[in-house]
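Below you'll find the structure, written out as structure tokens, and then a few comments.
FYI, the numbering just counts along the sequence from 1. Whatever order the structure lists them in is the order used to number ligands and atoms, beginning at 1.
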Amino acid sequence: MNTNLLNEAEAEQLQQLIAESKHIVICAHKSPDGDAMGASLAWKSYLNQIGKTDVIVCMPDAFPDFLQWLPGANTVLRYDKNPERVQEAFDKADLVCCMDFNQYMRVDAMQPTLVGCKAKRILIDHHLEPETNNDITVSRPNMSSTSEMVFYIISQLGGYEDMSKVCAQCIYCGMMTDTGGFTYNSTRPEIYFVIGQLLSKGIDKDSIYNRVYHNYSVNALRLRGHIIANKMQVVNELHAAYFTVTREDMRRFHFIKGDLEGVVNIPQQIKGLKLSISLREDTEKLNLVLVSLRSGNGFHCQPMAVEFFNGGGHADASGGKLHCSIEEAEQITLKAILAFQDELKKK
Ligand code: 5GP
Ligand code: MN
């Protein structure tokens with residue numbers, strides 16, 4: 001199977017950039033998910049493997065608790081906690097690798113540090129409409145995940161033979177989480193070829209699944225129950241559902257970061273549902289509502305995220321934010337659903 005992702009010139013350029021670099025920073029988007037973390041740590045593992053000893057992963061903020069087990073997660077530098085150390089790493093870097101995000105603003109408060117950095121820059125990502133002001137931009141929106149891309153790139157650069165189990169675990173985690181355990185964005189046969197290759201590195205895929213998905217605290221599971229039972233609104237005739245999560249809801253169930261990960265997917269279990277929207281009050285900033293959208297059954301939520309929620313993302317998994325109260329956010333959501341009613345109504 002030819003899984004080369006880069007053309008010859010790109011592969012050569014990438015190899016040369018890496019060869020010329022001594023101090024490397026890897027970064028990914030705010031609220032790093034399994035793919036952002038998996039791709040970053042797998043890439044770090046590869047760079048270490050080929051002899052790059054100074055490779056620092058810098059994230060804008062915290063990653064969820066269920067990713068703590070990822071090999072190397074404890075070495076990640078957080079901008080929100082250690083802005084000076086992150087700045088220092090960028091200042092020293094001769095190469096910055098941007099993983100799993102398309103727009104520089106996706107690194108949030110770390111953006112000035114990233115765009116002000118003099119180092120060479122490569123971007124490896126699978127979102128639509130990437131920023132292209134980089135020395136190398138590898139954008140493949142048809143890929144399941146950035147982690148899948150990292151697998152192909154490592155292989156193309158000749159690193160598969162020596163790939164460690166640790167690296168394979170990180171890649172598998174990213175591919176698994178960005179496809180909801182291979183339930184969406186995962187119909188390309190190559191994905192299963194890659195999984196085979198990762199398994200032959202000795203990864204235990206069931207254990208990775210358990211570590212990521214069977215990791216709820218009692219409170220976190222009860223919070224989900226509360227959202228489904230008491231908060232979810234369903235507009236039956238438009239095949240749409242939405243819910244709000246307030247700071248009060250979070251306080252009641254002792255919310256910690258990560259507890260609501262993936263909760264927007266739950267309403268999609270309703271037969272025929274096309275659109276699910278989660279509206280969550282920010283835990284710190286007042287009048288900031290974090291929005292997640294998921295779609296299926298022939299509807300695509302990305303245009304709605306752009307038009308109504310100051311966001312974007314993938315065709316069927318998008319996000320955004322609103323600067324208003326949760327009540328106003330609910331009104332905007334109803335407006336958005338109505339604006340797309342013709343598409344949503346269809347059986
Ligand atoms: P989530 O709902 O998991 O937070 O986000 C789903 C997807 O939507 C992410 O993978 C990302 O591509 C996209 N996304 C989330 N927030 C934003 C945003 O504020 N702006 C844009 N352009 N995309 C976002
Ligand atoms: Mn991703």
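Inclusion of G319 in the set of residues having an N or O under 3.5 Å from an N or O of ligand 1 is warranted. By the 3.5 Å distance cut-off applied to N or O atoms, M105 is not counted among the residues near ligand 1.
With ring centers used as reference points, Y209 lies 6.0 Å or more from Y172.
At most 12 heavy atoms of other shown residues, nucleotides or ligands fall within 6.0 angstrom of atom CD in E12.
Of all protein heavy atoms, the one lying nearest to atom 7 (C) of ligand 1 is A317 O, 3.4 Å. Considering only non-hydrogen protein atoms, atom 20 (N) of ligand 1 sits nearest to G311 CA, 3.6 Å. Annotation: atom 5 (O) of ligand 1 to nearest protein heavy atom, S318 O, 4.0 Å. Regarding atom 19 (O) of ligand 1, its nearest protein heavy-atom neighbour is G320 CA, 3.7 Å. Of all protein heavy atoms, the one closest to atom 21 (C) of ligand 1 is G312 N, 3.3 Å. Here the protein heavy atom with the shortest distance to atom 4 (O) of ligand 1 is S292 OG, 3.6 Å.
The H127 neighbourhood of ligand 1 comprises atoms 10 (O), 11 (C), 12 (O), with distances under 4.0 Å to a heavy atom of that residue. Close contacts between ligand 1 and H314 involve ligand atoms 10 (O), 12 (O) [criterion: under 4.0 Å to a heavy atom]. Near G313, with a cut-off below 4.0 Å to any heavy atom, the atoms of ligand 1 are 8 (O), 12 (O), 13 (C), 23 (N).
Between H126 and H314, the ring-plane angle classifies as tilted under the 30° and 60° cut-offs.
Ranked by closest heavy atom to atom 3 (O) of ligand 1, the top entry among H126, Q103, R294, K30 is R294.
Between the side chain of R140 and the backbone N or O of L5, at least one donor-acceptor pair lies under 3.5 Å. Counting only distance, with no hydrogens or angles, the side chain of N4 and the backbone of Q156 share no donor-acceptor pair below 3.5 Å. Side-chain atoms of D61 never come within 3.5 Å of backbone atoms of K30 as a donor-acceptor pair (strictly under, hydrogens ignored).
Stacking of R121 on the aromatic ring of Y104 is recorded, both the 6.0 Å distance cut-off and the 45° axial limit being met. Y160 carries K201 over the face of its six-membered ring, with the cationic atom under 6.0 Å from the centre and within 45° of the normal.
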Would you mind writing out the side-chain donor-acceptor pairs for residues 328-335 within the sub-3.5 Å range, not counting sequence neighbours?
{"residue": "E328", "atom": "OE1", "partner": "S325", "partner atom": "N", "Å": "2.9"}
{"residue": "E328", "atom": "OE1", "partner": "S325", "partner atom": "OG", "Å": "3.1"}
{"residue": "T333", "atom": "OG1", "partner": "A329", "partner atom": "O", "Å": "2.8"}

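Around the Mn ion (ligand 2), the protein N, O or S atoms closer than 2.8 Å are D35 OD2, D100 OD1, H126 NE2, D178 OD2, listed by chain and residue number.
F308 is connected to V235 through a chain of hydrophobic side-chain contacts under 4.5 Å among Ile, Leu, Val, Met, Phe, Trp and Tyr, so both are in one cluster.
Inter-residue side-chain proximity for W43 and I153 is flagged as met; some heavy-atom pair is nearer than 4.5 Å.
T177 and D35 form no side-chain donor-acceptor contact under 3.5 Å, judged by distance and modelled atom types alone.
Residue contacts with ligand 1: R106 is included, with a non-hydrogen atom under 4.0 Å away.
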